[in-house]
Amino acid sequence: MSTLQPVRGTHDLLPEEMRRHRAVIERARGIAERYGFEEIATPVFEFTDVFKRTLGDTSDIVTKEMYSFSLKEGEEITLRPENTAGVARALISNGLHQNLPLKYFYAGPMFRHERPQKGRQRQFHQIGVELLGAPQPQADIEVIAVGRHILQELGILQDTVLELNTLGDPESRTAYRAALVSYFEQHETSLSEDSRARLTRNPLRILDSKDEGDRKVVEGAPAFEDYLNETSQNFFAEVRRGLDELGIPYQLNSRLVRGLDYYTHTAFEFTSDRLGAQSAVLAGGRYDGLIETMGGPATPGIGWAAGIERLAMLVQDVSPAPRAVAVIPVGEAAADQALKLTQELRHRGYVVDLGYSGNLKKRMKRANQMHARAAVMMGDDELKAGQVTLRDLDSGEQETLALDALPARLDTLY
RNA sequence: GUGGCUGUAGCUCAGUUGGUUAGAGCGCCAGGUUGUGGUCCUGGAGGCCGUGGGUUCAAAUCCCAUCAGCCACCCCA
């Protein structure tokens with residue numbers, strides 16, 4: 001093993017793995033477009049404030065996971081840990097709120113300074129959608145539907161479960177949060193150290209604690225549904241009704257809470273038990289307060305993000321790379337002819353490999369290694385007669401035919 | 001950030017209680033076939049045994065540190 005290692009938590013995407021990533025991205029993009037989501041790309045870094053203000057000062061991402069840098073000019077920038085904040089910033093920067101609602105799809109790298117493990121890297125990749133400017137529950141339904149459709153298209157829907165919860169509107173959430181804090185404070189001595197810290201940072205998280213002592217305390221905790229006001233109840237009911245209408249099954253999970261502060265109402269996660277310690281494949285929710293928090297006009301939003309590495313781990317069928325035609329000139333005289341033929345075939349749509357060096361045997365071997373479909377051999381003998389030799393590398397059968405007739409003959413092999 | 005396991009050839013892995021020149025399979029290169037791949041046969045190249053320090057007459061093997069991977073926690077895609 002070389003001592004020259006990549007930075008911890010980063011990986012090279014070599015062709016085989018890259019193909020899986022591409023398959024995920026391209027299929028997802030195709031489905032998202034059917035739902036009217038247009039692709040955009042925002043910068044991989046933003047001013048640190050963009051993330052600090054949107055993610056909340058107490059979130060784990062902000063407190064310990066951001067890759068932040070100070071520039072010579074004194075500016076503080078951060079590699080994006082997620083993309084919703086960037087999209088929201090773009091909406092404000094470009095004055096896009098004139099054209100609401102907007103539907104965006106994105107794909108790209110994200111960066112979080114976490115301890116790497118299976119399904120978790122420091123540079124990873126996400127696809128995601130954001131639907132901005134639609135306060136209606138229909139938007140939630142559509143956003144969940146497109147996510148589900150993509151999982152279906154990837155052939156991994158059966159490996160996932162949709163979990164659903166509501167965090168209510170700000171009024172309900174605030175009320176519930178207060179009730180929770182007051183309850184947990186009474187039982188503070190029975191809580192784990194982690195959960196006591198959560199009490200001030202993110203009390204909702206205590207509900208999802210794995211600590212046995214915590215769980216006992218949680219059993220007696222107030223239930224969110226008792227604190228949902230009418231607006232929040234109606235909204236959630238509408239979302240559920242829509243999912244039922246579409247035949248989208250889900251499991252209610254009242255412990256499903258989001259680490260990020262800007263979420264309201266709908267929270268959902270497609271989870272899988274095939275990702276090691278990780279479970280979330282595609283997760284998101286509604287963030288009605290986000291854009292206003294950033295200083296933009298009050299604009300509701302809902303979206304999700306999915307980890308491409310995690311999706312790629314589940315995807316079974318990846319269409320293989322197209323098979324090449326190997327053009328093999330033999331002798332100096334054939335080189336020019338081979339070059340011309342190669343170019344012609346490429347314009348015709350074929351993947352063509354024209355080796356740079358080596359004898360015939362070596363080139364045949366290379367053609368085989370790249371899993372080429374056919375080899376076209378051009379030697380002095382053939383050229384004098386205006387011919388080439390075409391070898392079918394699957395069957396081993398070979399024929400000599402006129403150069404002019406080659407393209408049409410090749411078409412029959414594919 | 002915390003705890004545990006692991007690190008030997010490009011890959012997957014052997015390597016005995018510390019003891020000559022560290023092995024295998026696959027892959028790679030060459031030859032058998034001067035214009036014919038995939039199968040087969042023969043030969044070859046390729047290792048600071050993750051890195052640095054220590055113990056010892058002697059370290060891949062024992063100890064410490066460090067880096068990386070994996071697993072769990074935290075949290076998340």
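Computed from a predicted model, the values in this text were never measured in an experiment. Below, chain A is the first sequence line, B the second, and so on; all start at residue 1.
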Looking only at atom [atom1], what distance separates [N] and [M], rounded to whole Å?
N	M	atom1	result
B:C63	B:U56	C1'	12 Å
B:G31	B:U20	P	37 Å
B:A9	B:G27	C1'	11 Å
B:G69	B:U12	P	15 Å
B:A60	B:G23	P	13 Å
B:A68	B:G32	P	49 Å
B:C41	B:U17	C1'	42 Å
B:U51	B:C67	C1'	7 Å

Do the side-chain N and O atoms of [X] and [Y] include a donor-acceptor pair separated by under 3.5 angstrom?
X	Y	result
A:E76	A:S70	yes
A:D159	A:S272	no
A:Y250	A:R240	yes
A:T174	A:R177	no
A:S209	A:D194	no
A:S279	A:T271	no

Assign [X] to base, sugar-phosphate, or nothing according to its heavy-atom contacts below 4.0 angstrom with the strands shown.
X	result
A:A280	sugar-phosphate
A:G284	nothing
A:M377	base
A:E114	base
A:N359	nothing
A:Q121	base
A:G119	base
A:R120	base
A:E269	nothing

Check the distance between [N]'s [atom2] and [X]'s [atom1] and give it to me in whole angstrom.
X	N	atom1	atom2	answer
A:I206	B:C74	CD1	P	13 Å
A:D194	B:G3	CG	C1'	13 Å
A:R366	B:G38	CZ	P	15 Å
A:Q117	B:C75	CD	P	13 Å
A:F270	B:A77	CZ	C1'	14 Å
A:D394	B:U36	CG	C1'	16 Å
A:R115	B:C73	CZ	P	13 Å
A:K118	B:C5	NZ	C1'	15 Å

From C-beta outward on [X], which listed nucleotide comes closest to its side chain: [options]?
X	options	result
A:P116	B:G69, B:A77, B:G3	B:G69
A:R198	B:C74, B:A77, B:G4	B:C74
A:R391	B:U36, B:C75, B:C29	B:U36
A:A305	B:G4, B:A77, B:U36	B:A77
A:Q369	B:A77, B:C28, B:G37	B:C28
A:Q126	B:G35, B:A77, B:C71	B:A77
A:L360	B:G1, B:C74, B:U36	B:U36
A:A283	B:A77, B:U2, B:U36	B:A77

Would you say B:A30 has OP1 or OP2 under 4.0 Å from some side-chain N or O of A:K362?
->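 Yes.
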May I ask you to verify if any side-chain N or O of A:Q5 is less than 4.0 angstrom from the OP1 or OP2 atom of B:G50?
->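 Checking B:G50 against A:Q5, no side-chain N or O comes under 4.0 Å of OP1 or OP2.
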Base-paired stems that RNA chain B participates in, counting runs of 3 or more Watson-Crick or G-U pairs under 3.5 Å |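 Ordered by first number, the stems with RNA chain B (at least 3 consecutive pairs each) read B:1-7 with B:67-73, B:10-13 with B:23-26, B:28-32 with B:40-44, B:50-54 with B:62-66.
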Taking N and O atoms by type only, does the side chain of [X] place a donor or acceptor under 3.5 Å from a partner on the base of [N]?
X	N	answer
A:Q398	B:G37	no
A:R363	B:U36	no
A:R8	B:C67	no
A:N368	B:G37	yes

First of A:V281 and A:D208 reached from the 5' end of RNA chain B, by closest nucleotide =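 Comparing both residues, the 5'-ward one is A:D208.
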Residue whose closest nucleotide on RNA chain B lies nearer the 5' end, A:D380 versus A:R112 =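 Final value for this comparison: A:D380.
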Listed partners of A:H187 passing side-chain contact (heavy atoms from CB on, under 4.5 Å), at least two apart =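 A:H187: side-chain contact (heavy atoms from CB on, under 4.5 Å) contacts with A:Y183, A:S190, A:V217.
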Decide if the gap between the ring center of A:F45 and the ring center of A:F111 is smaller than 6.0 angstrom.
->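 No, ring centres 6.0 Å or more apart.
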Check whether the ring centres of A:F105 and A:F37 lie less than 6.0 Å apart, and answer yes or no.
->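 No; A:F37 has its ring centre 6.0 Å or more from that of A:F105.
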Residue of the set A:D140, A:T264, A:T266 for which side-chain hydrogen bond (donor to acceptor under 3.5 Å, both in side chains) holds with A:R286 |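 It is A:D140; the other options fail the test.
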Does the distance from a Lys or Arg side-chain N to an Asp or Glu carboxylate O, for A:R120 and A:E309, drop under 4.0 Å?
->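 The answer is no: the pair does not qualify as a salt bridge.
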